[in-house]
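Shown next, in structure tokens, is the structure this report addresses.
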Amino acid sequence: MSSETSNNRIRIFDTTLRDGEQAPGCSMTLREKIRVATALSGLNVDVIEAGFPAASPGDFESVKAIADANLGPIICGLARCNTADIEKVHAAVRGADQHRIHVFVATSAIHREHKLKMAKEEIIKSAVGAVQMARELVDDVEFSPEDASRTELSYLAEVVSAAIEAGATTVNIPDTVGYTVPAEFDQLFRYLKQHVAGIDDITLSVHCHNDLGMAVANSLAAAHAGARQIECTINGIGERAGNCSLEEVVMALRTRAEFFDLYTDIATERLYPASRLVSSITGMHVPRNKAIVGENAFAHEAGIHQHGMLQHASTYEIMRPADVGLSRSNLVLGKHSGRHAFRDRVKELGFDLDEFETNRVFQEFKKLADKKKDIFDGDIEAIIMNVDGTSAGPWILKSLAVQTTSDEPAQATVVLIGEDGGEISESASGDGPVAAAIQALAQVTGVRLALKNFELHSASMGEDAQGEVTVTVEQDGTSYRGTGTSVDIVEAGSRACLEVMNRLIRRQRRDVPGGANSDINRASI
Ligand code: KIV
Ligand code: ZN
């Protein structure tokens with residue numbers, strides 16, 4: 001049976017770039033969003049919710065850029081039930097061959113009384129008007145009754161019926177505050193299936209948040225009860241405790257296919273690279289024990305488990321690491337690896353670099369291979385993110401030297417290359433080597449940073465693993481994030497700070513805060 005005709009196919013609606021990006025600390029630059037959208041297209045998701053165009057000019061531009069790139073999946077934008085929002089979504093998404101307008105309004109008593117201050121009938125009128133208007137612009141319209149799981153069942157059925165009659169082609173049932181539990185959500189979906197006329201002619205969708213840690217379980221319950229679209233994000237990023245995790249829900253459906261009798265069209269071997277990409281872009285690190293993509297997800301420590309694994313992998317593994325894109329050794333390249341092998345590996349990791357970017361990244365790879373014997377996937381990803389973070393300039397770190405002696409301030413000397421190719425060197429002292437290096441960078445760039453957070457993670461494996469530093473900086477009431485990687489953690493921290501300094505300089509030049517061309521990495525919106 002073909003994908004389009006099978007009623008057992010679950011559509012995957014990815015909202016990493018909208019609900020995921022909305023989470024504090026997860027905002028992305030336009031360039032980063034395009035990179036994530038490209039990875040989502042490689043994963044073969046059905047729908048990419050690219051953003052909320054009415055939220056800011058920057059959001060509008062990024063949704064439009066993703067739609068204009070026409071990557072394959074349906075490109076969707078979110079709108080409240082008003083003309084301005086709906087027109088903005090239409091203008092932003094229309095460049096994609098397949099596009100969708102997603103309108104929403106809250107329906108629960110709590111939202112009606114405290115947020116909207118609207119009566120039940122007014123909400124239905126607003127929803128119907130918005131769906132009708134969107135349908136005049138496009139054929140593909142999704143409607144969401146926000147906080148559906150806390151809405152009176154009979155009223156929910158009324159709203160959903162009205163939206164379908166008005167022309168909604170997908171109706172999405174959100175568990176906005178992550179409140180429901182699987183058995184209850186199953187009943188809710190079965191109730192709607194029984195009480196809403198025309199529900200079998202539209203796509204019924206589910207959208208779960210993870211406040212009680214049940215977003216994936218609740219989404220699976222909804223699918224079991226008849227939902228045919230699941231809304232989710234890579235690594236489960238999203239508001240508060242996050243959204244349903246794409247990799248978990250997809251692998252649950254695949255691994256337990258005999259139970260669910262459902263399938264997705266996701267290229268599961270791309271899950272791990274996509275997860276790495278999103279975590280390095282957002283700086284939201286994946287916990288080691290996270291299902292599917294965590295570092296320990298396929299690691300076996302206990303002797304009895306290792307013994308079983310050696311006899312037969314199925315004793316303790318319900319999925320093959322390769323099925324999610326994780327090569328078991330993860331050891332990829334070394335000093336003598338050629339350009340060809342390097343380029344292939346970069347592609348396998350899900351990066352689509354042009355010739356110029358490949359050259360820059362390959363040069364950095366060779367430099368790293370001189371310092372580090374084994375180069376792992378994490379190292380290559382870190383190089384790419386490093387090059388990407390600094391490529392926009394205006395300053396590039398050429399070298400850094402630090403000197404520390406107990407009981408004396410640390411000394412740091414940096415050499416930066418400016419846009420004209422000229423080099424500037426400055427030295428400074430500080431309480432520690434990182435503080436001294438940041439001070440020296442500030443002397444060259446003229447940008448002083450108020451560091452709010454400094455996080456160090458290992459980018460790969462082994463004693464000589466690269467350190468990945470993520471810094472968060474507070475400037476004029478806005479948070480900015482930068483990431484840097486190196487085998488030397490002081491250098492990694494300096495790169496992360498320089499990335500933020502470069503952003504602030506570019507922002508000052510454009511003087512368009514959060515604007516259309518902004519590549520400011522806002523950690524809060
Ligand atoms: O959580 C939610 O209710 C949403 C809707 C806008 C779909 O994100
Ligand atoms: Zn949501």
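No experiment lies behind these values; they were computed from the predicted model shown. These values consider heavy atoms only, across backbone and side chains, with no hydrogens, waters or symmetry-generated copies. Both ligands and their constituent atoms are indexed starting at 1 by order of listing.
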| How about Arg150: does its CZ atom have over 12 heavy atoms from other parts shown lying under 6.0 Å from it? | yes
| Donor-acceptor under 3.5 Å (Thr268 side chain, Asp323 main chain) | yes
| query | Can you tell me the N, O or S atom of Asp19 that's nearest the Zn ion (ligand 2)? | reply | OD2
| task | Taking the Zn ion (ligand 2) as the reference point, name the nearest N/O/S atom of His207. | result | NE2
| Thr176 side chain to Asp147 backbone, donor-acceptor under 3.5 Å | yes
| task | For the residue pair His90 and His99, categorise the inter-ring angle as parallel (less than 30°), tilted (30 to 60°) or perpendicular (more than 60°). | result | tilted
| Sorted by chain and number, the residues that approach ligand 1 to under 4.0 Å with a heavy atom | Arg18, Asp19, His102, Phe104, Ser144, Glu146, Asn172, Pro174, Thr176, His207, His209
| request: Let me know which of Arg11, Arg9, Arg100, Arg228 forms a salt bridge (Lys or Arg N to Asp or Glu O under 4.0 Å) with Asp46. | output: Arg9
| With a cut-off of 2.8 Å, does Glu231 place any N/O/S atom under that distance from the Zn ion (ligand 2)? | no
| Do the rings of His195 and Tyr191 sit parallel, tilted or perpendicular, given the 30° and 60° boundaries? | parallel
| said: Using a 6.0 Å cut-off, check whether atom NZ of Lys115 has over 12 heavy atoms from anything other than its own residue. | reply: yes
